[in-house]
Amino acid sequence: MFFILKLLSRNALRQKLRMSLTMVGLVVAICAFGLLRTVVDAWYAGVDATSSVRLVTRNAISLVFPLPLNYAQRMRQVDGVTGVSWGNWFGGIYVSERNFFPQFAVSGASYLDMYPEYVIAPAELKAFVADRQGAVAGRKLADRFGWKVGDQIPIRGTIYPGTWTFTLRAIYDGIDAKTDENQFLFQWDYLNETTKKRYGRKGDSVGFYIERLQNPDDAADVSHQVDGYFKNSLAETLTETEKAFQLGFISMTELILVAVQAVSFVVIVIIMAVMANTIAMTARERTSEYATLKALGFGPGFIGWLIVGESLLIALAGGLLGIALTFPIASAFASLIGSLFPVFRISHETVWMQLAAAAIIGLVAAAWPAFSAGRIRIVEGLRHVA
Amino acid sequence: MTATTEATHDRAVIDSAVPLVAIRALQKIYVRGEQAVPVLLGIDIDIARGDFVSLMGPSGSGKSTLLNLIAGIDKPSGGSIVVDGVDIAHLGDADLAAWRAAHVGFIFQFYNLMPVLNAAENVELPLLLTGLSRRDRQEHVEVALAMVGLSDRADHYPNELSGGQQQRVAIARALITDPTLIVADEPTGDLDRTTGGEILDLMDQLNSELGKTNVMVTHDPRAAARARRMVHLEKGVLVSDADYQAALEAELHAAHAH
């Protein structure tokens, strides 16, 4: 076995330039594959982070149309609902338009109570609840801008014009890596009172409601009941699970996702073709060596495995290097794109897929050359000049 | 290593009663598209155990084809080749490969060493097909390299060795499994006269001291003269088969008598 491994590794290093170029191709392909898979995963991160005990209710016409605040009272009366909260998309600009991050005006403690995945120190939570201008930011967001608890954060409103100044009262940590730590939440009352003052007609309106269920199995019944209450009203509702709500956003960009996934596989197919060409060329050059081995008594299987083994060795080495490189590149990519993707992390599944892709490249690239080399006629092979 | 332990320092004894290789009505026809090219046309020949036979003839005479068939690296179109009681013409590919591994040692014109393996590793290669342990294999390799005078070159790669040294490594590789038969295709064809002479000395040694049966294809009459027996082919037909050594000895005997 040791002898064979020695033979494989020395053969792999025989044409150094060719091997290096193939390896570079593999590293780039595996790295690109991993990054593209991570982009797709990041797109679905919101869906993965959803809870089955939360429902989202919005205006049936469109999310951009508000719902009256008094709907909350009716929703609380629905059997199976244990809590109701609400929020509004704020859509402000912090310093520059490049600093995008999601901002929501939320119904204070009742909203945070709905999201046990946001872990906040009790003292900070208390300070947030007590301060009408208080805000909570995710850890990644705070780190991104160097915010500390107590900092004043001015945000220029686009939907709600004017400069809004908040005091950062708490920073939350995600309960796991899937939790979005890029959100900025502040008191809905502050938004409501200020807008009432500035533009009276916009007061007491809510962008969306969140309802907490006692039993996730009741989701369909509760949704039906909630929407039934407001049927034929001026603002009919559409209630769905949090997951369905998130998927609704993703479905708008599904074509892009399909394209990204297709590109990730095309990259693998391209490098597979390049690798197959390299291995075929290598095997062709070694025809007389394989013929010699066969003359000495080695079977076609041995010859085949020599080629497959060498191909696998190169592919896995390139694959592992590619995987190793994916992490720093993904990290750099994540900083570059800011909070466009709330969660941008390379999953274990992606790493396994990268490794599997490398192994498949190695196997597929060597399949035909190995089969052909095993069938070499010794007499003709011995006459072959590389 | 059995090759060395069985060594005798006397001239090898030829047992002609039961030939090691018995070839009957051997035919080889190559088919190129719709055209059939006959290369060997019904060869009959016996090779005794311990013999040293040279196959000669002009290009296209079929001598290399005959050697390939005897070595089991090609299959005949007709006839039989019985080597040590086994009709190799009718063996399947896997059986034939196993037979070659156990019974045939190859010496090629261009040495055919693995460039990524050093001399010792090249010699060790055929032993991978045996059940020997790594340690036993290495012991065999040391003995074989010592026999060809290359103990001090064990770690050298083919590109660090001269042509003659490479051919010595190839001879050590051919010997390592203690084969019944050693086949050599133009073993001196790529070497200068002096080095070629040294290689022929070594082949002679294999025959005379180790009792190996050598079959060698050559164009060179001087190389052919080192064999006991010279078989001449032309256009796929055996045209002469002379016991060269016997003739030489008879000549010497006659000269003595006078």
Side-chain angles (χ1 to χ4, degrees), chain A residues 1-19 278-279 281-307 309-311 313-314 370-386, chain B residues 28 30 39 64-69 71-75 92-118 120-130 132-134 137-138 141 157-159 170 173-174 176-177 179 183 185-186:
Chain A
M1 192 63 188
F2 177 71
F3 192 100
I4 304 296
L5 284 174
K6 198 160 54 178
L7 184 58
L8 287 180
S9 55
R10 287 189 198 161
N11 267 337
L13 293 168
R14 213 155 134 183
Q15 294 281 346
K16 289 189 176 60
L17 179 65
R18 186 190 298 166
M19 211 276 288
T278 304
I279 298 297
M281 215 187 308
T282 303
R284 200 163 47 244
E285 284 169 3
R286 296 184 194 157
T287 300
S288 110
E289 287 170 36
Y290 298 141
T292 304
L293 286 171
K294 283 185 88 173
L296 295 179
F298 291 94
F302 179 84
I303 312 289
W305 278 114
L306 268 189
I307 296 171
E310 186 180 336
S311 177
L313 198 67
I314 296 170
F371 178 70
S372 304
R375 283 159 48 101
I376 290 170
R377 290 192 63 234
I378 300 172
V379 175
E380 286 170 12
L382 289 172
R383 279 200 290 262
H384 187 272
V385 179
Chain B
K28 180 67 185 176
Y30 287 111
V39 179
S64 287
T65 302
L66 180 59
L67 185 82
N68 293 339
L69 292 170
I73 58 174
D74 202 358
K75 289 200 167 185
D93 287 344
D95 290 337
L96 197 56
W99 177 83
R100 281 196 305 272
H103 296 98
V104 187
F106 288 89
I107 302 170
F108 302 99
Q109 181 179 358
F110 298 108
Y111 334 121
N112 289 43
L113 301 176
M114 299 294 131
V116 290
L117 299 179
N118 63 30
E121 289 161 348
N122 263 292
V123 175
E124 189 183 348
L125 200 54
L127 292 180
L128 296 181
L129 293 166
T130 65
L132 289 177
S133 67
R134 197 175 162 207
R137 293 201 308 261
Q138 280 168 353
V141 168
Y157 286 86
N159 63 358
R173 183 180 66 185
I176 194 84
T177 53
V183 295
D185 192 358
E186 304 265 14

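Sequence lines set the chain letters: A, B, ... in the order given, protein chains first and strands last, and positions in each chain run from 1. These numbers were taken from a predicted model, which means no experiment stands behind them.
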Seminar exercise, completed: Residues at least two apart in sequence or cross-chain that pass salt bridge (Lys or Arg N to Asp or Glu O under 4.0 Å) with Arg134(B), listed by chain then number, are none

For this session: Tell me, please, which residues at least two apart from Asp74(B) pass salt bridge (Lys or Arg N to Asp or Glu O under 4.0 Å).
Result: Arg377(A), Lys28(B)

Using non-hydrogen atoms and a 4.5 Å limit, figure out which bit of [X] sits close to chain A: side chain, backbone, both or neither.
X: Tyr157(B); value: side chain
X: Asn112(B); value: both
X: Phe108(B); value: side chain
X: Leu96(B); value: neither

Problem set entry | Residue among Ile4(A), Leu293(A), Leu13(A) with most heavy-atom pairs under 4.5 Å to chain B | Leu293(A)

Exercise. What heavy-atom pair brings Ala370(A) and Ile307(A) nearest, and what distance separates the two atoms?
Worked result: CA-CD1, 3.9 Å

Problem set entry | Over 12 non-hydrogen atoms of neighbours within 6.0 angstrom of CG in Asp95(B) | yes

Exercise. Would Lys75(B) and Asp93(B) pass as an ion pair if we require N to O under 4.0 Å?
Worked result: yes

Exercise. So, Glu121(B) and Arg137(B), do they make that salt bridge, N to O below 4.0 Å?
Worked result: no

Problem set entry | Residue, of Leu125(B), Asp185(B), Leu113(B), that accumulates the most heavy atom pairs under 4.5 Å with chain A | Leu125(B)

Exercise. So what's closer than 4.5 Å to chain B heavy atoms on Phe2(A): side chain, backbone, both or neither?
Worked result: side chain

